[in-house]
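All of these numbers come straight from a predicted model, not from anything done at the bench. Per chain, numbering begins at 1; letters A, B, ... match sequence-line order.
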Amino acid sequence: MLAELDADDEEDEHVLPDLPNAEEGAVVMRAAPNPNGPWHVGHARMPAVIGTYKERYDGEFICRFDDTDPETKRPDLNAYDAILEDIEYLGFEADRVLKASDRLDIYYEHARDLIDAGGAYTCSCSGEAFSALKNDGEACPHREKDAETVHEEFDAMVAGEYSAGEMTLRVRTDIEHKNPALRDWVAFRIIDTPHPREVAADYRCWPMLDFQSGVDDHLTGVTHIIRGIDLQDSAKRQRFVYDYFDWEYPEVLHWGHVQVDEYDVKLSTSTIKELIETGELTGWDDPRAPTIQSMRRRGIQGRALVDSMTDLGMSTSDVDLAMSSVYANNRDLVDDGANRYFLVRDREDDPAVTLSVVDGDAPAPEAGHPPLHPDHPDRGDRTVPAGRVVVESSDLPSEGERVWLKGYGCVRHTGDELVFVDADIDVVRDGDVDVIHWAPADEGLETLLRTVSGDVRGYTEPAVADVDPDAVVQFERVGFARIDAFEPAATDEPDGPTGEEDLLAYYAHP
RNA sequence: GCUCUGGUGGUGUAGUCCGGCCAAUCAUAUUGCCCUCUCACGGCAAUGACCUGGGUUCGAAUCCCAGCCGGAGCACCA
């Protein structure tokens, strides 16, 4: 008992480190997704960590869509809501939701202030030409333009008088800075392609991430920025702007990239999008896709993913997330509530076989009655009709040997029959007879189970029909699965539901 | 090439700032045993790591130097 109490006290032993200079009630953080698609598993880290800190410090969680590139990273109009839903599934809610594409005029205003402060100049160098100069630490001729000209040219940029590539607005940093990545970076450029959002479709002069994000972080009162190591130089770049405006830069934490094992698919929005377009994946919730929507459809609780993500800590080195850790977390959450059912798989290398259960030294009962949950007898039993049954061939004992049909009784494999044996459960306890799962051949539900490694067909016991869709069950000796739908409609997917199935389920994990 | 940044068991993590309590924590994984009418849950046990080499020190995962290996930026992507 004491040991139990101690264990409870140490519950929050391996939580995230404290934030630097964090004041209770005054912590503001933001997730700044690019809405170019629904989220993959790696994206869960940001809301998981921000949400956890928000709870710890009674802070604020801003979701700001950094959708400032209508061309290369073209926003997907469906992704805005998809991402908010992903966040909700993870168990969090943004206190404020902003879209950068609503805020162009704010950025222009700050650009003009920056020009006034001598912090920016319009530049018509080609990318290559400027890069060459910059790498030698040499300024381009445009750097010394007077403010009036810069204003005129920037106004012309905003007015849409230039085409892509003709003019940029650069921040005047230090052209000889020892880190070439920080020298006079581009703050605004021209993009000819209209933004997909109607309200932003008329703009042609778009800010780059470092400008837009830097301005917004200040304006929205962000106190702590968490971002990937790919943006390690951003703070240093943005600091030049902050210095011109005499703003104080927030605290910054970086973390490394997340890789996930178990999947063949790369953790990349564009890769997944491609695979969906070419039909190799059926959608964002395909169980083979390493996406949040897929986790959700498989019955993995957002909480399990969040726990795994916060366990990764805040290290700046790259990390591999083992899916087994997500599964372990999910099992913790789901095991108690998941009622047990039988699913007999019918696989090519291990087909289901049909046999009749017949009277032996005692009459064979008509049905088996295994409990819904071994730890909760009060939930009652299921009824699994016997008679003709299916079992997985690898479970079938050799000719003449016995096996125990779980919840039913002992049978002996005799030819194409299972002959009932009047034996006590002690034969199982003594280790002489194995226990296997089974399903009625005729009353069973024809089932399609979709898994990370492909679809599996099989037969579930009829009692599963009582389960509400969306519930997570455990197919005994197979694993946990989410009941997706009964009588699923046919799809044109090569392996998808044909319309013949009684049940569609998604496999979660063992 | 220039500039950042990091290297603790299979995976993640604690410890590193302020050297000794670290023959290195916890979780997960794997294996074995127990429990069990599941290969789930629960219990027990085992396996397994401080990148390398120097230096400082009575003492180094922790400090210093060098090397090796990795990640990132040097975009009119985010």
Side-chain angles (χ1 to χ4, degrees), chain A residues 10 13-15 17 32-36 66-69 71-75 100 123-128 130-131 134-135 137 164-170 177-183 185-191 205-206 208-210 212-213 227-234 236-237 254 256-259 261 269-270 307-329 331-332 334-336 338 340 342 368 370-371 373-375 404-410 425-429 433-437 474-480 509-510:
Chain A
E10 290 166 21
E13 45 191 7
H14 285 130
V15 290
N34 180 320
N36 59 344
D66 282 356
D67 54 351
T68 54
D69 184 352
E71 201 167 87
T72 321
K73 293 216 167 161
R74 179 155 245 265
C123 172
S124 53
C125 291
S126 71
E128 307 82 66
F130 187 87
S131 178
K134 179 205 68 184
N135 287 335
E166 287 182 356
M167 190 65 81
T168 64
L169 184 77
R170 288 185 183 278
H177 193 103
K178 64 173 182 169
N179 185 347
L182 309 189
R183 297 172 188 165
W185 45 273
V186 171
F188 286 83
R189 83 298 207 188
I190 305 297
I191 294 176
C205 177
W206 286 90
M208 298 285 288
L209 170 99
D210 280 317
Q212 171 267 126
S213 177
R227 59 182 159 215
I229 42 169
D230 47 330
L231 265 25
Q232 345 179 42
D233 290 332
S234 270
K236 293 169 188 162
R237 275 198 276 257
H254 292 109
H257 297 284
V258 184
Q259 288 299 319
D261 64 0
T269 306
S270 51
D307 288 346
S308 292
M309 285 298 175
T310 54
D311 282 347
L312 291 181
M314 292 293 295
S315 128
T316 52
S317 45
D318 291 352
V319 292
D320 291 333
L321 171 66
M323 283 307 294
S324 61
S325 132
V326 177
Y327 298 159
N329 284 330
R331 223 177 273 125
D332 268 358
V334 135
D335 183 65
D336 199 60
R340 271 56 170 168
F342 293 149
H373 192 115
D375 300 335
W404 189 282
L405 299 181
K406 194 168 182 351
Y408 180 78
C410 188
I425 189 63
D426 287 340
V427 298
V428 169
R429 294 199 174 125
V433 175
D434 290 333
V435 176
I436 65 167
H437 60 288
Q474 187 202 64
F475 291 127
E476 297 198 63
R477 307 211 307 140
V478 175
F480 293 91
H509 48 75

For each nucleotide in nucleotides 69-74 of chain B, reading 5' to 3', give B when a protein heavy atom comes within less than 4.0 Å of its base, S when such contact involves only the sugar-phosphate, and - otherwise.
-> --BBBB
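- Atom-to-atom distance recorded for A:Q259:CD and A:L321:CG is 10.0 Å, nearest 0.5 angstrom.
- Comparing B:rA78, B:rU28, B:rC41 against the side chain of A:D66 picks out B:rA78 as the nearest.
- One can place CG of A:L321 at 14 Å from C1' of B:rG10, the figure rounded to the nearest angstrom.
- Rounded to whole angstrom, the span from the CD1 atom of A:I190 across to the P atom of B:rC77 amounts to 11 Å.
- A:I425 places its CD1 atom 4 Å from the C1' atom of B:rC37, with the value rounded to the nearest Å.
- Looking at the side chain of A:V319, the nearest of the listed nucleotides B:rU13, B:rC77, B:rA40 is B:rU13.
- No donor-acceptor pair closer than 3.5 Å links the side chain of A:T68 to the backbone N or O of A:W206.
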Secondary structure of RNA chain B per the Watson-Crick/G-U criterion (both distances under 3.5 Å; [ ] crossing, | other strand, . unpaired) is (((((((..(((.......[.....)))((((((.......))))))...(((((..]....))))))))))))....
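- Spacing between atom CZ of A:F480 and atom P of B:rA40 amounts to 9 Å, rounded to whole angstrom units.
- Residue A:K178 places at least one side-chain N or O closer than 4.0 Å to OP1 or OP2 of B:rC4.
- Partners of A:S317 according to the side chain to side chain donor-acceptor pair (under 3.5 Å) rule, which considers only residues two or more places apart in sequence or in another chain, are A:S315.
- Checked for salt-bridge contact, A:D434 and A:K406 miss the test: no charged N lies under 4.0 Å from a carboxylate O.
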